[in-house]
Amino acid sequence: MMYRLVARDLCKWSVIVALLSLGSVMWLCHEVWNNAFMGSHWNLGWLLQGTPQQYQQWFPHYHDLAFWGVRSLLIAGCLAVLAMVYLLFRRCKIRSLFSPTEPTKLFPTLSDNLDHNLRYLTAAVLLSLSAFLLLYFAVRTGVISSGDTTFQDQLVVSRAFALSLIVLIALSVTVKWKSFVGLLKRFFLVADTPYNLAMLRFLYFGFMAVICWFYPDQHSAYFDIKPQGLPYMDWYIKVVNLTREQYVMICKTTSVVNLFICLGFLTRPMLLLNAILIFVVMATPNFYGKLFHEHLWIWIPWILTFSPCSDVLSIDALMRKWFGKQIEIPVSVAYGLPIRLIWITLGVVYFFPGFQKLWIAGFDWALSNSMLNQIYVEWHQHYGWRSMLPVERFPGMVKIGGLSVILFEMAYIFLLLTDKTRWVAISGGVIFHTLTGLTLRIWFPSVLGMYVFYFNLGRVFPKWRAASGHTVCFKLGLQSKLMIMVTSILFFFNSIFGFAAIYSYPFTSFPGYTRIYGDELKFVIIEMKNEEGVWVNVDDALSRAGYRRESDTPYEDAIINAHNKGGSVESEVVTYWKLLCSSVPEVNRARAYRFKIRSEPLHPDRSGEDVPEILIFWSSEQECN
């Protein structure tokens, strides 16, 4: 019976997939059909795509009238389509869409049965993926599209697939809104023992105490170059323009504050103070041209600021006991809610990189040679390092893995909502980070380390396990409401930044690695004259110092972009050289330096090929000193 219901709902969903697929084909072929039916002289597609500046060139005397006239026709057409859809849905009782008792006849109606929902949603995603992959291969093989627009055409198909997933999510929520709200209540409002939250407080803030103490050692070199603004954060440079010494002092102070929180001493005021200090510590190094995506180290303390994480296993609890103020601490929602709010925040970190891969790069990100080429770029940036996994021998598996990454990242936040699927998100995340670390040397420790919040430490010890309960309480106190408010603000702004791919602080979109790589890529080659007066590649010194050159990609891209535009590269080169000198003492002792650009084949077996170099900057010994 369940499979029959899944098949029924899948048939209804296939109508929407077919409409989106047909819309994609019509968009890809509209110029061809327009030429066939109306002739090339009557092809008015350029009018629909024109910008106000182009209209000013085309119609110098009445460009405003022409531009808004065409736009009005487009708006009128969209309204006409919406009216037709409304009439169709009205006949199909679309008004019952928001009714919990009368299901709509048109859309698939999810059951209250979790197993049915999981089977249906999985089948719906696979159906949509199959349909749009068929269109993708039709584009790539030239059946639908050919020529210079192939990448843009496959992007249309990929975005249609992304929209189909958004429609599926929207329908799944709205058709059974009451059930969805119930699912959220069962997820968030679960009573838990205070010991689990207390142990996580001890582990997390103890870890942050160590991180903040040594953080200046990793980032102090940036204070030797000129600060740069971040989107919507230009005011920060003017208001909080710290010197190196001031920054070190704030980091040490923040370390002590985190240690106090770890031990549970004056926890509440320390949490409030830490909410300000941790932002300054983590955000400041990012105003120098390179963004470190360690935002979770800001978000999680903000969520825990209003949590009762010091009720047990803390100096504050011992002091209350000594003064006779110790009260019995029951199992409560207040102890489980902070952890689950952190889970959802982690889900946002994964969703938007997957969405960006589809929206910006398309299926080409996974199914073209770019997938392997991206691995080769990372090997090159790590001074010729090669993975122990022979990924270059299995390009098909790499492409399937890339497609799986996109689906997993977008599904992660939804997999967290139920006990049956949460283990898939957790184990999949660990496997994902392990494989990227082994193949790309990109471990994302700031994200992987947060997986400690998935462990129920309250079940480790018998006393804590006995205190655990399963009752659900719907009455929230002020602290819990403040936690929800803080998390909602983080969720809202990070969603906006995620859809727009804006990278800033304290809100951001985590990197999607959406770049498409060809078989060859331009690289910056840096040479220095050492103390013996011999020109050597600076990579030798950087490698000996354990310097991670992969982190300097924004600086090298800025140099290449400036050179491609035909302008001076001196400013970008000098900034990058100052950073290297401040980070590696051996480089700082160089007598002169020069920068070159060359296009290298990415495949490691072609690394020995002779390729031409372009000298773009060289310094005198006086300039270097």
Worksheet item: Please walk me through it: do K252 and V248 pass side-chain contact (heavy atoms from CB on, under 4.5 Å)?
Response: CA-CA 6 Å; K252 304 298 183 183; V248 172; 4.0 Å; yes
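- Side-chain contact between L417 and I344 is present, with heavy atoms from C-beta onward closer than 4.5 Å.
- Relative to the six-membered ring of Y454, R422 misses at least one condition, a distance below 6.0 Å or an angle of at most 45° to the axis.
- Using modelled atom types, one side-chain atom of T553 and one backbone atom of E550 make a donor-acceptor pair closer than 3.5 Å.
- Dense packing is recorded around CH2 of W443, with more than 12 heavy atoms of other residues, nucleotides or ligands lying under 6.0 Å away.
- Residue L168 holds its CG atom at 8.5 Å from CD1 of I16, rounded to the nearest 0.5 Å.
- Side-chain contact of N369 with Y517: a donor-acceptor pair under 3.5 Å is absent, judged by distance alone.
- Using a distance-only test at 3.5 Å, with no hydrogens or angles considered, a donor-acceptor pair links the side chain of W13 to the main chain of A124.
- Counting only N and O atoms by type, the side chains of E572 and Y555 include no donor and acceptor under 3.5 Å apart.
- Counting heavy atoms from C-beta on, the side chains of F499 and W359 never come closer than 4.5 Å.
- In this structure, the separation between OG1 on T434 and CG on L438 is 6.5 Å, given to the nearest 0.5 Å.
- Between H382 and R548, some side-chain heavy-atom pair lies under the 4.5 Å cut-off.
- Not one N or O on the side chain of H295 forms a donor-acceptor pair closer than 3.5 Å with the backbone of M282.
- When all heavy atoms of L358 and F363 are compared, the pair lying nearest together is CD2-CE2, 4.0 Å.
- With a 4.5 Å cut-off on side-chain heavy atoms, S495 and F352 count as touching.
- Heavy atoms of other residues, nucleotides or ligands lying less than 6.0 angstrom from OH of Y232 number 12 at most.
- Annotation for F202: atom CZ does not count as buried by contact number, only 12 or fewer foreign heavy atoms lying within 6.0 Å.
- Relative ring orientation between F187 and W343 is described as tilted, the plane-to-plane angle lying within the 30° to 60° band.
- Here the straight-line distance linking atom CG of L259 with atom CE of M208 works out to 13.0 Å at 0.5 Å rounding.
- At least one side-chain heavy atom of I442 sits under 4.5 Å from a side-chain heavy atom of Y513.
- A distance of 9.0 Å separates OG of S427 from OH of Y451, quoted to the nearest 0.5 Å.
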* To do: Apply side chain to side chain donor-acceptor pair (under 3.5 Å) to Y136 and D364, showing your working.
  => CA-CA 9 Å; Y136 169 78; D364 272 4; 2.6 Å; yes
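- Between Y215 and E294, the closest side-chain pair of non-hydrogen atoms falls below 4.5 Å.
- Using a 4.5 Å heavy-atom threshold, the side chains of F491 and T345 count as separate.
- Under a 3.5 Å cut-off, the side chain of T149 and the backbone N or O of Q152 do not form any donor-acceptor pair.
- R549 places no side-chain N or O within donor-acceptor distance of the main-chain N or O of Q381, the cut-off being under 3.5 Å.
- Remark: T284 engages F223, Y236, L242, Y247, V280 in a side-chain contact (heavy atoms from CB on, under 4.5 Å) (not counting sequence neighbours).
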Kindly determine whether F207 and L203 satisfy side-chain contact (heavy atoms from CB on, under 4.5 Å), including the steps that lead there.
CA-CA 6 Å; F207 168 76; L203 293 174; over 6 Å; no
| task | For side-chain contact (heavy atoms from CB on, under 4.5 Å), just list the numbers for L602 and L372, CA-CA rounded to whole Å, side-chain angles, deciding distance to a tenth of an Å, and then say yes or no. | result | CA-CA 9 Å; L602 286 174; L372 267 176; over 6 Å; no
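- Relative orientation of the F292 and H219 rings is perpendicular, given thresholds of 30° and 60° on the angle between their planes.
- The closest donor-acceptor contact from the side chain of Q374 to the backbone of I516 lies at 3.5 Å or more, if one exists at all.
- Heavy atoms only, all atoms of each residue included: S310 and T267 are closest at CB-OG1, 3.3 Å.
- Here S179 contributes atom OG and R186 contributes atom CZ; the two are 7.5 Å apart, rounded to the nearest 0.5 Å.
- Closest of all the heavy-atom pairs between N494 and P506 is OD1-O, 4.5 Å.
- Across all non-hydrogen atoms, the minimal contact from A160 to S24 is CB-OG, 3.1 Å.
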Checklist entry - For N373 and S368, what are the C-alpha separation, side-chain angles and deciding distance, and is it a side-chain contact (heavy atoms from CB on, under 4.5 Å)? => result CA-CA 9 Å; N373 290 337; S368 69; over 6 Å; no
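- For the 3.5 Å distance criterion, the side chains of S387 and T439 fail to qualify, holding no donor opposite an acceptor.
- For the side-chain contact (heavy atoms from CB on, under 4.5 Å) test, residues two or more places apart in sequence or in another chain that qualify with S21 are V17, A131, F132, L135.
- Aromatic ring centroids of F408 and Y412 lie under 6.0 Å apart.
- In this structure, F355 and M410 approach most closely via the heavy-atom pair N-CG, 3.8 Å.
- When all heavy atoms of T305 and A275 are compared, the pair lying nearest together is OG1-CB, 4.0 Å.
- Panel note: side chain T421, backbone L415; a donor-acceptor pair is recorded below 3.5 Å.
- A salt bridge links D557 with R515: the distance from a Lys NZ or Arg NE/NH1/NH2 to an Asp or Glu carboxylate oxygen falls below 4.0 Å.
- For the pair V574 and K578, the minimum side-chain heavy-atom distance is below 4.5 Å.
- S504 places a side-chain N or O within 3.5 Å of a backbone atom of P231 that can act as its donor or acceptor partner.
- Atom CZ of R268 and atom OG of S307 lie 6.5 Å apart (nearest 0.5 Å).
- With sequence neighbours left out, K226 forms a side-chain contact (heavy atoms from CB on, under 4.5 Å) with no residue at all.
- Listed for the S128 side chain is no donor-acceptor partner under 3.5 Å among the backbone atoms of V125.
- Taking the charged nitrogens against the carboxylate oxygens, R140 and D153 have no contact shorter than 4.0 Å, which rules out a salt bridge.
- Other residues, nucleotides and ligands contribute only 12 or fewer heavy atoms inside 6.0 Å of the CZ atom of F260.
- Of the possible donor and acceptor atoms, one in the side chain of S255 sits under 3.5 Å from a partner among the backbone N and O of A209.
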